[in-house]
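One structure is given below, encoded as structure tokens.
It should be emphasised that the depicted structure is a prediction, and the values quoted were computed from it without experimental measurement. Below, all heavy atoms of this structure are taken into account, side chains as well, without hydrogens, waters or symmetry copies.
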Amino acid sequence: MRNFDLHMEDFEINGETFHVKTVRPEVISAWDASPATTDEEAYARLDNMILSFIDDGNGQAEKWRALRASDENAIAVGQMRGLIRWLVESQSDFPTEQPASSRRGRGKTATPSEAESS
């Protein structure tokens with residue numbers, strides 16, 4: 001029997017560990033529907049996305065908010081984006097980035113050899 005249970009890993013960021021929960025696909029898809037219009041709105045959306053994945057047992061959401069408000073242990077935007085990418089990929093089993101483009105047709109792997117004349 002094939003088991004499709006999803007076992008999420010915890011994640012650690014800036015020395016704090018958080019427990020991850022599964023998020024319904026409709027919730028993840030809705031994030032693309034309305035893009036942020038300001039930087040402040042974009043950062044709030046990043047926080048809300050991450051909070052969607054954090055299991056709030058034992059005050060995990062409040063711990064995230066406190067960490068985000070910290071100037072001494074600030075989380076960089078690149079860390080947040082990397083975390084969201086990992087969270088979405090781990091639950092969707094698909095990469096969030098497009099694969100590198102390639103040219104159509106057969107690629108050249110080496111210079112063609114010239115036939116020897118006799």
Exercise for the section: Could I get the full list of ring-ring contact (aromatic ring centres under 6.0 Å, His included) partners for Phe18, not counting sequence neighbours? Expected result: Phe11, Trp64

Handout entry: Partners passing side chain to side chain donor-acceptor pair (under 3.5 Å) against Asp10 (at least two apart in sequence or in another chain)
Key = His19

Practice task
Compare all side-chain heavy atoms of Asp47 with those of Arg65 and state whether any distance is below 4.5 angstrom.
Solution key: no

Problem - Nearest-0.5 Å distance, CD1 of residue Ile13 to CG of residue Leu83 - result: 5.5 Å

Exercise for the section: Would you please test Arg68 and Ile50 for side-chain contact (heavy atoms from CB on, under 4.5 Å) and show each step? Expected result: CA-CA 11 Å; Arg68 282 284 292 125; Ile50 292 168; over 6 Å; no

Practice task
Decide if atom CD of Glu12 counts as having more than 12 heavy atoms of other residues, nucleotides or ligands within a radius under 6.0 Å.
Solution key: yes

Problem - Nearest heavy atoms of Ile54 and Ala61, plus distance in Å - result: CG2-N, 4.2 Å

Problem - Any side-chain heavy-atom pair of Asn14 and Gln79 under 4.5 Å - result: yes

Practice task
Using a 4.5 Å cut-off on heavy atoms from C-beta on, say whether the side chain of Thr22 contacts that of Gln91.
Solution key: yes

Exercise for the section: Return yes if some donor-acceptor pair links the side-chain N/O of Lys21 with the main-chain N/O of Asp56 below 3.5 Å, else return no. Expected result: no

Handout entry: Over 12 foreign heavy atoms within 6.0 Å of CD, Glu26
Key = yes

Handout entry: Those residues that, when tested against Ala74, pass side chain to side chain contact (heavy atoms under 4.5 Å, CB included) (two or more places apart)
Key = none

Exercise for the section: Using a cut-off of 6.0 Å, state whether more than 12 heavy atoms not belonging to Asn58 lie near its atom CG. Expected result: no

Practice task
State, with a plain yes or no, whether a side-chain heavy atom of Phe53 is found less than 4.5 Å away from one of Ile84.
Solution key: no

